[in-house]
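Atoms considered below: every heavy atom in the structure, side chains included; atoms not considered: hydrogens, waters and symmetry mates. Convention: sequence-line order gives letters A, B, ...; per-chain numbering from 1.
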Amino acid sequence: MVEIKLTNTRTRSKERFAPIDPQDVRMYLCGPTVYDRAHLGNARPVVVFDVLYRLLRHVYGEDRVTYVRNFTDVDDKINASALARQQAGDPRPLEELIRERTEETIGWYHADMDALGALRPDHEPRATDYIPQMISMIEALIAKGHAYAAEGHVLFDVRSFPAYGRLSGRSVDDMIAGARVEVAPFKRDPMDFVLWKPSSDEEPGWESPWGRGRPGWHIECSAMSAALLGESFDIHGGGIDLQFPHHENEIAQSCCAHPHEDFARVWLHNEMLQVEGKKMSKSLGNFFTVRDLLDQGIPGEVIRYVFLMTHYRKPMDWTAEKVAEATKTLDTLYEVVGETSPDRSQAPNPEVVAALADDLNSSAALHALIRQAGAIRPGDTAAAAGLKRSAGLLGLLPMTGGEWRRLKSGGIDLSGLGARLQELRIAAKASKDFSAVDALKSALLAAGVEVRMTAAGVDLAPGAGFDAEAVEALK
RNA sequence: GGCGGGUUGGCGGAGAGGUUACGCAGCGGAUUGCAAAUCCGUGAAGACCGGUUCGAUUCCGGUACCCGCCUCCA
């Protein structure tokens, strides 16, 4: 059995991973609030946890891992976007506009994450399907003296949970000293957070013991993880920005509602994403979604590869240079892989497994993969199938070399141009006049086509800077 | 102010207290009508200042700079 080590934010140390039940390893990832397209930063934890999911499935068995990632479909940003559409003249009721928006966003999310090669989790619960569970959890917290109702709200009493702040290394007093928010008068303590809040007639709401209202931000993850994974489970993750307050609050809710359970044993947090050395933000103009990149013709697998180049606990910088490097490396790997299918009977490269087992060192795993590819002699299809098998652990090389080329060329068939170049070349060798063949070759290179002329013939492949329009013009 | 992350060769990016990371780019060579692609070979590092040690880029302390969180952003 491969020994997996993971850095647990809770203990701030790298620990040997031992599942509660090896027959059912359980992990939860905080998913998106579905009000808009996923931006690039949203995709990092998805890819990181997808690799972890694949690793766990490899080690413990494909049907021995349960992966839950939620959709938060009740949120003020969703309400605001629906309200804006209504005010813009849409006659439909708000509830319908909200449902349409969340359905649409979930569809986008699936399409975009699928493009990154992320496996779908086993469960993708929606917060609105778990309102009764949230209400009963809140009732339990009130009954146990950890929460109180005030002016239609229900608040969690942070002073009732001595461990509050432990995950993020903060003390309640320090946080109050640095707090910049205005404190609602009905809070017993400034750090108390909302479990339930009242809804106006225009806002979505559910009947509850505290009147018509809706849940606060954090309770849905506590309720859904308990419902689908149990009150104790193995791994809980998300971006490091969720460490506080979201995960801190989840811990407070879950541990107080289920005091005899552990909640999540291992907390994994990925560091943030930057773009060309700066934080991605709308004001800096470097904000973009996964879909933006896909529409620019950057294959999802390239985006995935760029993510994997950096260890998940380090800040990751998205740069055009990395895109080029990732593309080039994938070209090379797909060249080796050719038309082979992954060989499931072969064990994956132990170096790749060992790198991933060591706190998901995807960068080292990638280099092990490259070394493996470099050792494969042309025509060794068994070795190529083994490479594909290993790459599968990283979610890479899911297609054939030919499919990769077609994807990169936007479906343009280069074989006709290749044949023409070969004819010109044969004629030129006889006539010693190479001007025609050189002209076509230069034009192809300028259009981003790799031209490979060997004794066997001519082979054309889409390369860096492939320009579909320029290639069409040459036809 | 509180908490956390980072700083490695031209670029990206890991591990390891002493032995080549690796990739890209560069350089040299093979190959080619010329190239491209490919193959072979190759130089180059550890922010700064101290400490521990026979020996530190790796451990400890400090400094500087960059970044994030503390505000329902992964």
Side-chain angles (χ1 to χ4, degrees), chain A residues 9 12 29-33 35-36 38-49 72 74-78 165 167-171 173-182 191 193-194 197 215-218 220 237-246 248-249 269-274 277-282 287 306 308-317 319 321-322 324-329 331-332 335 354-355 358 361-371 374 378 425 428-429 432-434 437-438 441-442 444-445 449-455 458-461 463:
Chain A
T9 312
R12 288 165 208 254
L29 175 65
C30 289
T33 301
Y35 65 102
D36 207 352
H39 66 246
L40 192 61
N42 290 309
R44 170 119 105 139
V46 172
V47 171
V48 167
F49 274 77
T72 297
V74 48
D75 177 272
D76 290 350
K77 276 182 294 215
I78 301 171
L167 177 74
S168 51
R170 300 152 200 253
S171 79
D173 293 319
D174 287 349
M175 286 188 280
I176 291 167
R180 290 182 229 162
V181 254
E182 265 190 61
M191 295 312 295
F193 58 90
V194 170
K197 55 187 163 187
W217 176 33
H218 317 287
E220 89 274 23
I240 188 69
D241 57 332
L242 290 184
Q243 185 188 33
F244 186 89
H246 185 55
E248 198 72 72
N249 293 355
H269 290 103
N270 60 276
E271 255 295 336
M272 307 300 279
L273 175 115
Q274 292 170 246
K278 295 199 174 94
K279 180 185 176 168
M280 182 165 81
S281 72
K282 283 176 179 162
F287 182 95
V306 170
L308 296 178
M309 283 168 75
T310 304
H311 186 97
Y312 76 93
R313 278 189 299 103
K314 285 201 169 186
M316 198 219 94
D317 199 11
T319 63
E321 206 172 339
K322 281 187 183 173
E325 189 179 330
T327 306
K328 187 163 181 165
T329 307
D331 283 344
T332 306
E335 208 65 49
D358 183 13
N361 191 337
S362 53
S363 171
L366 245 25
H367 290 305
L369 201 67
I370 289 167
R371 273 196 300 278
R425 185 169 167 238
K429 277 185 176 170
K432 300 294 174 202
D433 175 8
F434 288 93
V437 56
D438 281 344
K441 190 185 72 187
S442 304
L444 286 166
L445 290 172
V449 178
E450 273 179 18
V451 179
R452 302 171 191 172
M453 291 195 270
T454 62
V458 169
D459 183 26
L460 301 182

With respect to the side chain of [X], which nucleotide from [options] is positioned closest?
X	options	answer
Thr332(A)	rA74(B), rU38(B), rA37(B)	rU38(B)
Lys328(A)	rC73(B), rA25(B), rA36(B)	rA25(B)
Thr329(A)	rC73(B), rG23(B), rA37(B)	rG23(B)

Check the angle between the aromatic planes of His218(A) and Phe193(A) and answer parallel, tilted or perpendicular using the 30° and 60° thresholds.
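Correct class here is perpendicular.
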
For [range], give me one character per nucleotide, 5' to 3': B if any protein heavy atom sits under 4.0 Å from the base, S if the only such contacts are to the sugar-phosphate, - if neither.
range	value
nucleotides 58-63 of chain B	------
nucleotides 3-21 of chain B	SSSSS---SBSSS-----B
nucleotides 29-34 of chain B	----BB

Taking [M] as the reference, what is the distance to [N] when you measure between their [atom1] atoms (whole Å, please)?
N	M	atom1	answer
rG18(B)	rU57(B)	C1'	12 Å
rG46(B)	rG10(B)	P	10 Å
rC70(B)	rG61(B)	P	28 Å
rG23(B)	rC40(B)	P	10 Å
rU20(B)	rA44(B)	C1'	13 Å
rA45(B)	rG6(B)	P	24 Å
rA47(B)	rA37(B)	C1'	39 Å
rA36(B)	rA74(B)	C1'	42 Å

With rounding to the nearest 0.5 angstrom, report the OG1 to CG distance, Thr9(A) to Leu242(A).
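Answer for the OG1-CG pair, Thr9(A) versus Leu242(A), is 11.0 Å.
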
How far does CG of Leu366(A) sit from CG of Leu308(A), to the nearest 0.5 angstrom?
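With rounding to 0.5 Å, CG (Leu366(A)) is 6.0 Å from CG (Leu308(A)).
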
What's the shortest heavy-atom distance between [X] and [Y], and which atoms?
X	Y	result
His269(A)	Gly239(A)	CD2-O, 3.5 Å
Met280(A)	Phe287(A)	CG-CA, 3.6 Å
Ser362(A)	Thr310(A)	OG-O, 3.7 Å
Arg12(A)	Leu167(A)	NH2-O, 2.6 Å
Phe244(A)	Ser168(A)	CD1-OG, 3.6 Å
Ala365(A)	Ala355(A)	N-CB, 3.5 Å

How many Å lie between [atom1] on [X] and [atom2] on [N], as a whole number?
X	N	atom1	atom2	value
Asn42(A)	rA74(B)	CG	P	5 Å
Asp36(A)	rA74(B)	CG	P	11 Å
Asp331(A)	rG23(B)	CG	P	17 Å
His218(A)	rA74(B)	NE2	P	13 Å
Gln274(A)	rA74(B)	CD	C1'	14 Å
Asn249(A)	rC73(B)	CG	P	12 Å
Asp76(A)	rC73(B)	CG	P	11 Å
Glu450(A)	rA36(B)	CD	P	11 Å

For residues [X] and [Y], determine if any side-chain heavy atom of one lies less than 4.5 Å from a side-chain heavy atom of the other.
X	Y	answer
His311(A)	Ser363(A)	no
Glu220(A)	Pro215(A)	no
Asp459(A)	Thr454(A)	no

Contact class for Leu444(A) vs. all strands (heavy atom < 4.0 Å): base, sugar-phosphate, or nothing?
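No contact.
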
Please convert RNA chain B into dot-bracket. A pair counts if it is Watson-Crick or G-U wobble with both distances under 3.5 Å; crossing pairs go in [ ] and bases paired with another strand get |.
(((((((..(((.....[...))).(((((.......)))))....(((((..]....))))))))))))....

With sequence neighbours left out, write down each residue that passes side-chain hydrogen bond (donor to acceptor under 3.5 Å, both in side chains) with Asn270(A), or none if nothing qualifies.
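Scan of Asn270(A) (side-chain hydrogen bond (donor to acceptor under 3.5 Å, both in side chains), adjacent residues dropped) gives none.
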
What pairs with Glu450(A) under side-chain hydrogen bond (donor to acceptor under 3.5 Å, both in side chains), at least two apart in sequence or on another chain?
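Residues passing side-chain hydrogen bond (donor to acceptor under 3.5 Å, both in side chains) with Glu450(A): Arg452(A).
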
Do His269(A) and rA74(B) share a donor-acceptor pair, side chain to base, under 3.5 Å?
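Absent.
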
Going by an N to O cut-off under 4.0 Å, is there a salt bridge joining Lys328(A) and Asp331(A)?
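No.
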
For Leu445(A) and for Ile370(A), find the nucleotide of RNA chain B with the closest heavy atom, then tell me which residue's nucleotide is more 5'.
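So the residue in question is Ile370(A).
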
Backbone N/O of Val437(A) and side chain of Arg425(A): donor-acceptor pair under 3.5 Å:
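Here the side-chain-to-backbone pair does not exist.
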
